[in-house]
Chemist: 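My questions all concern the structure below.
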Amino acid sequence: MIIDILIIIAGIALVLVGADKLTDGAVGLAQRMNVSQIVIGLTIVAMGTSMPEFCVSLVSALKGTPDLAVGNIVGSNIFNVLLIVGISAIVAPMTISKSTVKRDIPFSVVASCLLLGLGIDGELSRLDCAIFTALFLFFMAQALRSAKQGQAEEQKNEPIVVWKASLFLLLGIAGLIFGSNIFVSAASRVAASLGVSEAVIGLTIVAGGTSLPELATSVVAARKGNSSIAIGNVIGSNVFNVFMILGITGLVHPMRIMNITGVDYGVMTLGVFLLWLFSFTKYTIAKWEGAVLSSIYVVYMGYLIMNAI
């Protein structure tokens, strides 16, 4: 167990370094390509930081542990909205554009509501997941359409050369994925040795581990004053988690869910609705609003731990 704890620490360190490089690369590409930061966050950064969830959920479903696969996604979305946005806003209030509030966040709301509606019966069929996949393609088309419109936002830093920005982006994604994977493997071994169910492991340890890239990327981006990257990363990751990851995973292997409860789905949906509500207040997530989101996450974790004992 001591070795696993050391691996966990090493994984976290690698994720933080990867997040820093990924943010620099994404901002550099946004500047050079005359594409808004929010579009880069919604697409490249979100997809890169969602790769750990994709790998874990797909492998879990194929190995016959669907509770771990779906728990990973539900837990990751809860982690993203409540803890990542919460901590990022506490670090630095997050400014959100009107287009994000009116167009992008609603996609995340729809994703949460659909997962609640289709997953509450304990099964995600191929038809359910085909709907997710179709909506993912629609979401990507909308994001790319925004990119073509060249909605460039004001940039604070001098743009870096394309090859260096691309290298930072690739190195960052590689560091995030590798660091997250070794973290999840070690953390899962520790949790499993304590006799915790697959659903709880997925909702807590695995979800937290696979969401480390989003946490690190968003906090670093917020600290550097790139709140559009931070919020775009969270929104994009939530949409990718449901529409792309569960969509593809369920098409490959339909999932029968046993221990993901209405409370879990409800907290996920409540979180994204609160994010949307807070976004309308001067188009900013204030520090106190970040504290509210973080507090709800702590209460939810307490609920899971109490029920697992």
Chemist: Going by salt bridge (Lys or Arg N to Asp or Glu O under 4.0 Å), name the residues that satisfy it together with R126, two or more places apart in sequence or in a different chain.
Modeler: none

Chemist: Any heavy-atom pair between the side chains of L124 and T249 that's under 4.5 Å?
Modeler: no

Chemist: Answer whether the closest heavy-atom distance between the side chains of I248 and M244 falls below 4.5 Å.
Modeler: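 Yes, their side chains come closer than 4.5 Å.
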
Chemist: Membership question, hydrophobic clusters at under 4.5 Å side-chain separation (ILVMFWY): are I73 and I120 in the same one?
Modeler: yes

Chemist: Identify the two heavy atoms, one from K287 and one from I90, that lie closest to each other, and give their separation to 0.1 Å.
Modeler: CE-O, 3.4 Å

Chemist: Ignoring hydrogens, what is the shortest heavy-atom contact between S279 and I105? Give both atom names and the distance.
Modeler: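 Nearest heavy atoms, S279 then I105: OG-CD1, 3.3 Å.
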
Chemist: For the residue pair F243 and F132, does the interplanar ring angle fall in the parallel (under 30°), tilted (30 to 60°) or perpendicular (over 60°) class?
Modeler: tilted

Chemist: Checking S57 now: which residues fulfil side-chain hydrogen bond (donor to acceptor under 3.5 Å, both in side chains) with it, not counting sequence neighbours?
Modeler: N72

Chemist: Can you tell me how far CG of N77 sits from OG1 of T269, rounded to the nearest 0.5 angstrom?
Modeler: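 Here the interatomic distance stands at 9.5 Å.
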
Chemist: Any side-chain heavy-atom pair from M301 and L304 closer than 4.5 angstrom?
Modeler: yes

Chemist: Rounded to the nearest 0.5 Å, what's the gap from CG on L277 to CG on L270? Could you check?
Modeler: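 Output value for this atom pair is 10.0 Å.
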
Chemist: Kindly give the heavy-atom pair with the smallest separation between V81 and L293, and that separation in Å.
Modeler: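 Heavy atoms only, the tightest pair is O-CD1, 3.8 Å.
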
Chemist: Could you give the distance from CZ (F79) to CG (L203), rounded to the nearest 0.5 Å?
Modeler: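 CG of L203 is found 13.0 Å from CZ of F79.
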
Chemist: In Å, rounded to the nearest 0.5 Å, how long is the span from CD1 of I245 to OG of S76?
Modeler: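 Separation between the atoms: 7.5 Å.
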
Chemist: Per the ring pair (Phe, Tyr, Trp, His ring centres under 6.0 Å) rule, what does the pair list look like for residues 96-119, sequence neighbours excluded?
Modeler: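 The answer is F107-F138, F107-F139.
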
Chemist: Honestly curious: do L115 and V252 fall in one hydrophobic cluster under the side-chain, below-4.5 Å linking rule?
Modeler: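 Yes; tracing contacts between hydrophobic side chains, which count when under 4.5 Å, links both residues.
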
Chemist: Under the 3.5 angstrom rule, does the side chain of D128 hit a backbone N or O of S125 as a donor-acceptor pair?
Modeler: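 Yes, because the side chain of D128 sits within donor-acceptor range (under 3.5 Å) of the backbone of S125.
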
Chemist: Hey, does V109 have a side-chain heavy atom less than 4.5 Å from the side chain of F273?
Modeler: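 With C-beta onward as the side chain, the pair touches.
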
Chemist: State, to 0.1 Å, how close A111 and V242 come at their nearest heavy-atom pair, and which atoms those are.
Modeler: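 So the two residues come closest at O-CG1, 3.7 Å.
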
Chemist: Which atom pair, heavy atoms only, marks the closest approach of S108 to V272?
Modeler: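 That closest heavy-atom pairing would be OG-CG2, 3.3 Å.
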
Chemist: Is it true that Y265 and V299 fall in one hydrophobic cluster, defined by side-chain heavy atoms closer than 4.5 Å?
Modeler: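 Each belongs to a different hydrophobic cluster.
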
Chemist: Starting from V298, can I reach Y303 by hopping between I/L/V/M/F/W/Y residues whose side chains sit under 4.5 Å apart?
Modeler: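 Different hydrophobic clusters.
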
Chemist: Mind checking the CG-CE spacing from N238 to M268? Nearest 0.5 Å is all I need.
Modeler: 8.5 Å

Chemist: Given side chains that start at C-beta, do those of F278 and V292 come closer than 4.5 Å, heavy atoms only?
Modeler: yes

Chemist: Using a 4.5 Å cut-off on heavy atoms from C-beta on, say whether the side chain of T284 contacts that of E289.
Modeler: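 No, side chains not in contact.
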
Chemist: Decide whether L251 and L135 are clustered together by the hydrophobic rule: side chain heavy atoms of Ile, Leu, Val, Met, Phe, Trp, Tyr closer than 4.5 Å, transitively.
Modeler: no

Chemist: Tell me the closest heavy-atom pair linking V85 and V234, and the distance in Å.
Modeler: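 Minimum heavy-atom separation between V85 and V234: CG2-CG1, 3.8 Å.
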
Chemist: Looking at CD1 of I7 and CG of L14, how far apart are the two atoms once the value is rounded to the nearest 0.5 Å?
Modeler: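 Atom-to-atom, I7:CD1 and L14:CG are 12.5 Å apart.
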
